Amino acid sequence: MYQPVIAGTGVFTPEQIITNKELVAAYNAYADRFNERHKSEIEAGEIEPKAHSSEEFIVKASGIEQRHVMDKSGVLDPEIMHPLLRERSDDEPSIMAEMAVDACTKALEKAGKTAGDVDAVIVAASNHERPYPAIAIEVQDLLGIDGFGFDMNVACSSATFAIQAAADMIRTGSARAVLVVNPEICSGHLEWRDRDCHFIFGDVCTATLIIRKEEATTPHFEILSTRCLTQFSNNIRNNNGFLRRCRPDGMKDRRDMQFMQNGRKVFKEVVPIVAEHMLTHLEEEGHRPDQLRRMWLHQANKAMNDFIGRKVLGRVPTPEEQPNILQDYANTSSAGSIIAFSKYSDDLAPGDLGIICSFGAGYSVGSVIVKRA
Ligand code: COA
């Protein structure tokens, strides 16, 4: 058996930013136009008028201040309200593969490795732009990696579930080095016309290189243990599956063809599951919560993270113990905890213990206990 380690991480951050101010202005303009267009139905009581969104609510409810996106022009146009991403020909690199190559190149550089050292790519994300060929195989081809690749999806937990798969491959020897990549174009599946969730998501791509400890030549983190859990729930759902074109009715305005959630229920149900999962994982591996130097949590909602952090440590964690990045990136689905890890892990000292934990639709929870080597 080999000891798997995280040898490097990389983050691709889209250049375009939408502030809460810009977002709310666009949403409110959309709502006003909607109400004007449906004036008679609203007056007849047939449909509800759309209420305005507000910057104050967004910050209070989520902690989000801005988000990076692949295209802001479409999102901020009250007549469009979704990103305008050019459809590419089959001969061009796909957009997810392009983001992935950037993040993977950074992760390889950080680890002092090249594509020749890698023999597997896992693209783990909550939405894939096509069912096949796998985006991972395209990334493998673009980077010039010999070996294999596959895509997987466990929504917001995709990264930690893929890290478990990669770590198990390293442990057993079925792969020497695995790139786990999370290209998340959340702007494509967010319903920007729904006031209750229009502020939630952003776009990004993260990459994590997992290798055998004896092949690590730069500072790295030993993966001590991984743990995954799922429990079925419809409270976060997107029905835009591969059968959509077989359906006879018009899809454009069907609300279930985009991200939907019962946010309050998610909050109440997921927080205890996650805290319990982390505590049990630590205990079963012989670690006490007070030994944790850092928690890199999924970045969906600040209050949710504060709550989980408090439950795990038994007190309010310091910002250093539990760094958040969601104020700058919003919820980037599976990539959130890896952005936090990537930005806030270099300062840990040898022997320091930490836990990466992501959670979301499914429900799903994945945790990875790591030690700075
Ligand atoms: N602007 C202004 N007001 C808004 C608003 C907006 N954009 N969206 C909702 N509101 C209003 C609601 O109408 C409601 O008003 P009421 O009390 O008069 O009915 C009030 O604000 C509270 O709404 P609610 O949906 O209960 O807000 P919340 O405080 O629970 O926050 C979420 C909403 C979605 C941010 C929060 O529930 C959450 O983050 N849940 C977990 C989400 C999650 O992790 N999802 C996983 C995705 S992968």
Side-chain angles (χ1 to χ4, degrees), residues 18-32 34 48-67 75 81 124-127 153-161 182 184-204 230-231 233-238 240 258-275 277 297-309 324-327 329-340 357-366:
I18 300 179
T19 61
N20 285 350
K21 190 175 179 166
E22 291 173 295
L23 183 72
V24 166
Y27 178 86
N28 289 348
Y30 157 77
D32 290 344
F34 178 94
E48 287 286 311
K50 287 198 187 284
H52 274 190
S53 182
S54 82
E55 290 176 65
E56 298 70 38
F57 174 82
I58 294 172
V59 173
K60 190 171 134 283
S62 70
I64 296 165
E65 292 165 19
Q66 61 168 44
R67 68 284 299 139
V75 172
M81 302 293 278
S126 40
N127 280 263
N153 178 351
V154 203
C156 290
S157 300
S158 297
T160 47
F161 277 55
N182 321 105
E184 292 287 8
I185 308 184
C186 301
S187 61
H189 66 97
L190 176 58
E191 179 50 271
W192 298 92
R193 296 171 298 183
D194 183 340
R195 184 186 72 135
D196 292 350
C197 68
H198 77 116
F199 53 89
I200 286 181
F201 287 117
D203 301 336
V204 81
T230 49
Q231 187 180 302
S233 166
N234 270 328
N235 284 329
I236 314 171
R237 190 167 171 128
N238 181 345
N240 195 3
Q258 298 289 96
F259 165 85
M260 303 185 293
Q261 76 167 351
N262 190 337
R264 266 283 153 97
K265 273 204 170 147
V266 172
F267 199 113
K268 287 218 174 87
E269 292 175 6
V270 168
V271 165
I273 297 173
V274 174
H277 176 91
L297 298 186
H298 174 46
Q299 303 285 313
N301 177 291
K302 184 172 181 303
M304 220 164 164
N305 282 6
D306 290 349
F307 209 97
I308 292 167
N324 282 327
I325 54 88
L326 57 76
Q327 63 281 6
Y329 283 86
N331 181 347
T332 49
S333 195
S334 70
S337 57
I338 307 299
I339 307 175
C357 183
S358 58
F359 41 87
Y363 296 132
S364 56
V365 195

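Here the structure is a predicted model, which means the values were calculated and not measured. Both counts, for ligands and for their atoms, begin at 1 and track the order of listing.
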Would the distance check show the side chain of N235 and the main-chain N or O of Q261 forming a donor-acceptor pair, the cut-off being under 3.5 Å? no
Has the side chain of R237 got a donor or acceptor atom that lies under 3.5 Å from a matching backbone atom of M260? no
How about F34: does its CZ atom have over 12 heavy atoms from other parts shown lying under 6.0 Å from it? yes
Atom 37 (O) of ligand 1: any protein heavy atom closer than 4.0 Å: yes
Tell me, please: is A361 in heavy-atom contact with ligand 1, that is, under 4.0 Å? no
Indicate, with yes or no, if the rings of H52 and Y27 have centres closer together than 6.0 Å. no
Would you say atom 3 (N) of ligand 1 touches the protein, meaning some protein heavy atom is under 4.0 Å from it? yes
Measure from atom 13 (O) of ligand 1 to every heavy atom in K265, K268, R195, Q299 and give the option owning the shortest one. R195
Partner set under salt bridge (Lys or Arg N to Asp or Glu O under 4.0 Å) for E22, not counting sequence neighbours: K72
Would you mind finding which of D194, L23, D196, V24 brings a heavy atom closest to atom 9 (C) of ligand 1? D196
Min heavy-atom dist A61 to ligand 1 below 4.0 Å: yes
Would you verify that at least one protein heavy atom lies under 4.0 Å from atom 30 (O) of ligand 1, or report that none does? yes
Establish whether atom 25 (O) of ligand 1 and some protein heavy atom are separated by less than 4.0 angstrom. no
